[in-house]
Amino acid sequence: MTLEDWGWTPYFAEQFTPWGKRGYLPARVIRGEKNYFRVCTASAELTVRFAGKLRHRADGRADLPVVGDWVAVEPQAEQRGIIQALLERKSFFARNLPGRRKGKGRERIEQQGIAANVDLVLIVSGLDRDFNLRRIERYLTLVGGSGAEAVVLLNKADLCADPEGCKMQVEAIASGAPVHFCCAHNLEQIEFLFSYLQPGRTLAMLGSSGVGKSTILNGLLGEQRQKVGEINETIGRGRHTTTHRELFLMPQGGILMDNPGMRELHLWGEKEDLAESFTDIEELATGCRFNDCRHLSEPGCAVLVAVTAGQLSADRLSSYQKLKEELQNLQRRR
Ligand SMILES: Nc1nc2c(ncn2[C@@H]2O[C@H](COP(=O)(O)OP(=O)(O)OP(=O)(O)O)[C@@H](O)[C@H]2O)c(=O)[nH]1
Ligand SMILES: [Mg+2]
Ligand SMILES: [Zn+2]
């Protein structure tokens with residue numbers, strides 16, 4: 001096992017040079033616990049904390065390490081170490097953790113880092129009660145602003161009467177992202193994912209609890225490494241079985257991140273992130289009479305014309321407007 005297997009590239013090696021001179025080791029954060037991280041160096045797995053100065057220098061949480069980050073570690077005895085520096089990321093996702101009030105003040109906004117240096121995100125959605133185009137649009141917007149590519153994976157095809165039809169519905173809103181469906185219990189149906197998992201490439205699975213992320217991981221690994229949980233039949237959702245983000249080195253090459261299911265995904269980004277997830281609307285908008293058209297009731301609105309003509313669904317437009325407002329509010333508050 002080498003650092004390259006874990007995704008080390010010249011981009012990180014160059015940044016690491018000054019830290020290497022101090023005797024620190026390059027390492028990737030592969031698992032995040034509450035108070036410590038597990039990292040992988042070229043020769044060992046270490047349990048590490050981050051240096052106090054890293055915490056103080058940080059003005060927001062984004063500057064603290066998350067799973068997927070490349071870091072400079074000062075080794076200590078007994079397979080331990082201290083993270084002394086965080087290398088610049090190639091991609092980064094975060095979400096907004098709103099609604100935590102301190103006293104009577106306004107609703108706080110808080111950035112929570114999810115993962116770093118991910119090349120491709122598998123947006124996993126279940127073809128059971130989980131199936132929801134609006135939620136998929138939200139995930140696509142998250143990925144659109146992150147620097148990673150997106151692929152939509154519709155799992156539990158065995159529970160759906162028309163997976164092909166669902167796939168087409170998703171393709172219509174996916175702005176060109178590939179869409180696949182599968183049943184994770186059937187290895188033959190998930191083997192195509194190996195074509196995305198090339199050596200040194202990092203894939204992350206995101207999606208609600210219970211959509212089958214850990215089942216997919218176990219299938220590809222060929223062993224039951226991650227615990228899999230039953231669905232709560234009354235509410236049709238998972239039970240948050242996976243509680244930590246973790247990177248797994250795949251035997252065939254490539255790195256796959258399993259994630260805890262997300263309850264609610266509030267975006268952390270900019271309204272420009274919508275350009276990738278709503279290419280159809282952004283393109284139509286170039287035909288609107290006003291540059292700052294909100295596509296509500298303005299005269300000469302090309303987007304509303306497309307809705308009337310049945311070329312664009314009204315639900316998709318309102319989803320776009322909702323996400324745009326969410327991102328604008330966030331920008332104002334930051
Ligand atoms: N019918 C069917 N069930 C599936 C499929 N994939 C997974 N499941 C089941 O769905 C349940 C949840 O699977 P998990 O892999 O634990 O889901 P998860 O996305 O990892 O959930 P969290 O860890 O809670 O985020 C388990 O009972 C799986 O056996 C599938 O393709 N078809
Ligand atoms: Mg899981
Ligand atoms: Zn318009």
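The first residue of the sequence shown is numbered 1, and numbering continues consecutively from there. Note that ligands are numbered from 1 as they come in the structure, with each ligand's atoms numbered from 1 the same way. Below, each value reflects all heavy atoms present in this structure, side chains not excepted, and no hydrogens, waters or symmetry copies.
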Practice task
With 2.8 Å as the limit, jot down which protein N, O or S atoms are around the Mg ion (ligand 2).
Solution key: S214 OG, T242 OG1
Handout entry: The one among G126, S214, A184, G229 that brings a heavy atom closest to atom 11 (C) of ligand 1
Key = G229
Exercise for the section: Ignoring hydrogens, just give me the one of H244, R239, H185 whose non-hydrogen atom is nearest atom 8 (N) of ligand 1. Expected result: H185
Please indicate whether [X] has more than 12 foreign heavy atoms, meaning atoms of other residues, nucleotides or ligands, lying under 6.0 Å from its [atom1].
X	atom1	value
E223	CD	yes
R239	CZ	yes
R134	CZ	yes

Problem - Contact check, G212 vs ligand 1, heavy-atom distance below 4.0 Å - result: yes
May I ask you to identify the nearest protein heavy atom to [atom], giving residue, atom name and distance to one decimal place in Å?
atom	result
atom 32 (N) of ligand 1	D158 OD1, 2.8 Å
atom 10 (O) of ligand 1	K156 NZ, 3.3 Å
atom 21 (O) of ligand 1	G210 N, 2.9 Å

Problem - Backbone of E110 reached by a side-chain donor or acceptor of N96 within 3.5 Å - result: yes
Problem - Main-chain N/O of G68 paired to R28 side chain as donor or acceptor, under 3.5 Å - result: yes
Exercise for the section: Could you please give the number of protein N/O/S atoms within less than 2.8 Å of the Zn ion (ligand 3)? Expected result: 4
